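Every chain is numbered from 1 and lettered A, B, ... according to where its sequence line falls, protein lines coming before strand lines. Predicted model, so just to flag it, every value in this text is computed and none were measured.
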2 protein chains.
Amino acid sequence: MKAWQEELLQGSISALSEQELFNRVARIARDLGFDYCAYGLRAPYPFSQPRTVMINNYPDHWQARYRDRGYLAVDPTVQHALRSLQPLVWSDSLFARTPELWEEARAAGLAFGWAQPCRDATGVSGMLTLARSAEALHATELADKQMEMIWLAQSAHVGMARSVVPRLLPEMRAKLSAREIEMLRWTAEGKTSSEIADLANISKRTADFHLNNATAKLNAANKTAAAIMAAVLGLL
Amino acid sequence: MKAWQEELLQGSISALSEQELFNRVARIARDLGFDYCAYGLRAPYPFSQPRTVMINNYPDHWQARYRDRGYLAVDPTVQHALRSLQPLVWSDSLFARTPELWEEARAAGLAFGWAQPCRDATGVSGMLTLARSAEALHATELADKQMEMIWLAQSAHVGMARSVVPRLLPEMRAKLSAREIEMLRWTAEGKTSSEIADLANISKRTADFHLNNATAKLNAANKTAAAIMAAVLGLL
DNA sequence: AGCCATAGTGTCAACGTTGACAGGCAGGCT
DNA sequence: AGCCTGCCTGTCAACGTTGACACTATGGCT
């Protein structure tokens with residue numbers, strides 16, 4: 001177990017490729033008794049259809065199937081990861097509303113699994129899934145392995161996010177000036193330009209000016225979208 | 001170590017009081033070799049002066065000092081937790097810009113410590129700090145204990161958030177209708193009411209109507225603030 | 001000295017938002 | 001049947017936002 005840590009940490013500190021990092025995670029998953037392993041990341045926006053990245057070692061036909069049928073949008077494990085930090089074990093009741101997904105997953109050899117969500121300061125959420133075709137998951141095994149699971153999910157997240165986030169959220173690289181952030185912060189509180197002008201002791205025109213610049217830097221449609229992007233990305 | 005898990009998990013599943021939960025965390029911290037332990041939570045808004053909660057077993061005079069001098073606003077460990085998920089070890093260079101904080105902390109017996117940030121789906125960020133007065137922290141100890149640390153931070157967060165978040169974020173309890181969420185989602189993307197009206201095949205007036213209701217339910221000053229609150233709280 | 005980012009200011013017209021008025025229709029609960 | 005909620009619609013006036021025009025000034029970098 002110690003060997004893992006060294007390995008993964010060294011790997012994630014020096015920037016590995018996503019695939020290499022995933023391979024290490026998958027090897028650790030195998031040591032933990034799981035043939036299959038998946039890591040998914042989801043950006044906090046666009047809100048309708050957020051950008052996602054998924055990397056896994058599931059059978060090819062299942063990967064294709066999952067994509068083609070749009071299972072991502074209904075997968076209850078994904079829904080869970082978006083709301084909670086708790087580990088989640090696959091069960092019949094979990095998939096009660098998506099029987100096709102569940103049956104096809106089992107047919108593909110994904111019979112027993114659990115997932116650990118993770119979330120970072122840029123609003124990106126992630127989920128590590130460990131799965132196997134035989135041998136059900138019991139409470140003792142989960143208790144034994146939960147620490148490794150959380151650790152692995154978080155390490156995978158940090159490593160993956162390092163390379164994926166700049167690609168997924170190019171807006172993160174926008175360098176907002178102190179004034180721009182201040183204007184966005186007040187906007188996020190629901191203040192109008194002229195209220196902000198009073199608060200910051202500048203003219204309304206200047207408040208608008210900074211908001212305009214921030215909106216352009218963030219590639220946002222208007223100041224509402226700019227304030228939301230900044231808020232969600234943790235820039236405020 | 002297994003005993004811990006059982007204990008904390010059972011504790012956090014049945015709703016313990018914050019203080020009781022903290023006492024369990026502090027006991028585990030002591031088993032890990034740290035006399036002092038602190039858990040802090042910060043709500044995602046208001047953006048200027050976010051609501052925070054802190055519980056720790058630091059010496060009383062240090063707690064008072066930290067509060068009175070407003071160290072929370074400048075504490076570099078807090079700044080780190082707001083940007084990263086990585087563990088952070090206290091060091092001279094970390095506190096280079098806040099020498100008073102660092103000297104006073106050491107004078108209070110807080111000489112060696114590390115912190116583990118954590119973040120959840122409601123945008124609340126947390127940080128678990130373990131500290132002690134003697135015996136420096138070395139790489140091997142950190143490597144040995146990092147899994148327990150992440151696990152403990154996350155468990156503490158989940159447990160604390162359960163009772164703290166409803167108090168800190170009463171807006172979370174707002175039940176938005178499907179339409180209201182849809183309108184907020186589009187608003188968050190930067191669409192105007194009449195664009196949304198076209199997208200949703202309703203009149204501009206109706207789009208405004210739903211946005212208005214959502215704004216009232218979230219106690220927001222205007223639709224921008226409403227969309228931001230919903231976005232940050234993960235309601236979109 | 002010239003360039004650039006940041007910060008500050010003004011006006012004006014077109015467009016978007018908000019609040020207060022006033023109303024209808026469908027589905028669930030008592 | 002009466003009530004509530006969600007959803008839908010209209011008008012109008014006051015107020016807020018956006019973009020395009022034009023201009024000043026400071027401080028850092030080359």
Side-chain angles (χ1 to χ4, degrees), chain A residues 45-48 170-233 235-236, chain B residues 46-48 97 170-233 235-236:
Chain A
Y45 61 77
F47 296 95
S48 29
E171 299 86 355
M172 276 295 291
R173 266 172 298 178
K175 295 261 179 286
L176 300 177
S177 74
R179 252 336 195 195
E180 284 159 358
I181 289 172
E182 193 189 347
M183 302 295 109
L184 288 174
R185 218 197 300 270
W186 289 119
T187 300
E189 308 268 17
K191 306 291 183 202
T192 65
S193 308
S194 53
E195 286 169 330
I196 296 172
D198 290 348
L199 286 162
N201 266 305
I202 54 178
S203 79
K204 173 188 171 325
R205 181 61 191 81
T206 304
D208 284 341
F209 171 78
H210 292 304
L211 282 169
N212 219 3
N213 292 343
T215 305
K217 285 186 187 174
L218 292 169
N219 244 310
N222 55 32
K223 69 170 186 172
T224 298
I228 289 193
M229 285 172 65
V232 149
L233 295 175
L235 305 176
L236 303 189
Chain B
F47 296 95
S48 28
R97 289 178 182 187
E171 300 84 356
M172 275 296 290
R173 268 172 296 180
K175 295 261 179 285
L176 300 177
S177 75
R179 254 335 197 195
E180 285 159 357
I181 288 171
E182 192 189 347
M183 301 296 110
L184 288 174
R185 218 196 299 271
W186 289 119
T187 301
E189 308 269 17
K191 305 292 182 200
T192 65
S193 308
S194 53
E195 287 170 329
I196 296 172
D198 291 348
L199 286 162
N201 265 306
I202 56 179
S203 79
K204 172 186 170 327
R205 182 60 190 83
T206 303
D208 285 339
F209 170 80
H210 292 304
L211 282 170
N212 220 2
N213 292 344
T215 304
K217 285 186 187 174
L218 291 169
N219 244 309
N222 57 32
K223 70 170 185 170
T224 298
I228 288 193
M229 285 173 65
V232 152
L233 295 175
L235 305 175
L236 302 189

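- With hydrogens and angles ignored, no donor-acceptor pair closer than 3.5 Å exists between the side chain of B:Arg179 and the base of D:dG6.
- OP1 or OP2 of C:dA7 lies within a sub-4.0 Å distance of a side-chain N or O belonging to A:Ser177.
- Residues B:Glu182 and B:Arg185 are not paired through a salt bridge, judged by the lack of any N-O separation under 4.0 Å between the basic side chain and the carboxylate.
- With contacts defined as side-chain heavy-atom distances shorter than 4.5 Å, the pair B:Leu218/B:Leu176 qualifies.
- Considering only the side chain of A:Phe209, C:dG8 comes nearest among C:dT17, C:dG8, D:dT9.
- Nucleic acid contact for A:Thr192: sugar-phosphate only, since backbone atoms but no base atoms lie under 4.0 Å from a heavy atom of the residue.
- Computed from coordinates, the A:Asn222 CG to D:dG16 C1' distance equals 13 Å when rounded to whole Å.
- What separates CG of A:Asn213 from C1' of C:dC4 is a distance of 14 Å, to the nearest Å.
- Between the CE atom of A:Met183 and the C1' atom of D:dT17 there is a distance of 16 Å, rounded to whole Å.
- Counting any heavy atom pair closer than 4.0 Å across all strands shown, A:Lys204 reaches a base atom.
- Following rounding to the nearest Å, B:Asn212 (CG) and D:dT5 (C1') show an atom-to-atom distance of 16 Å.
- When each of D:dT9, C:dG10, C:dG8 is scored by its nearest atom to the side-chain atoms of A:Arg205, the top-ranked nucleotide is C:dG10.
- In this structure, the nucleotide among C:dA7, C:dT18, C:dG10 sitting nearest to the side chain of B:Asp208 is C:dT18.
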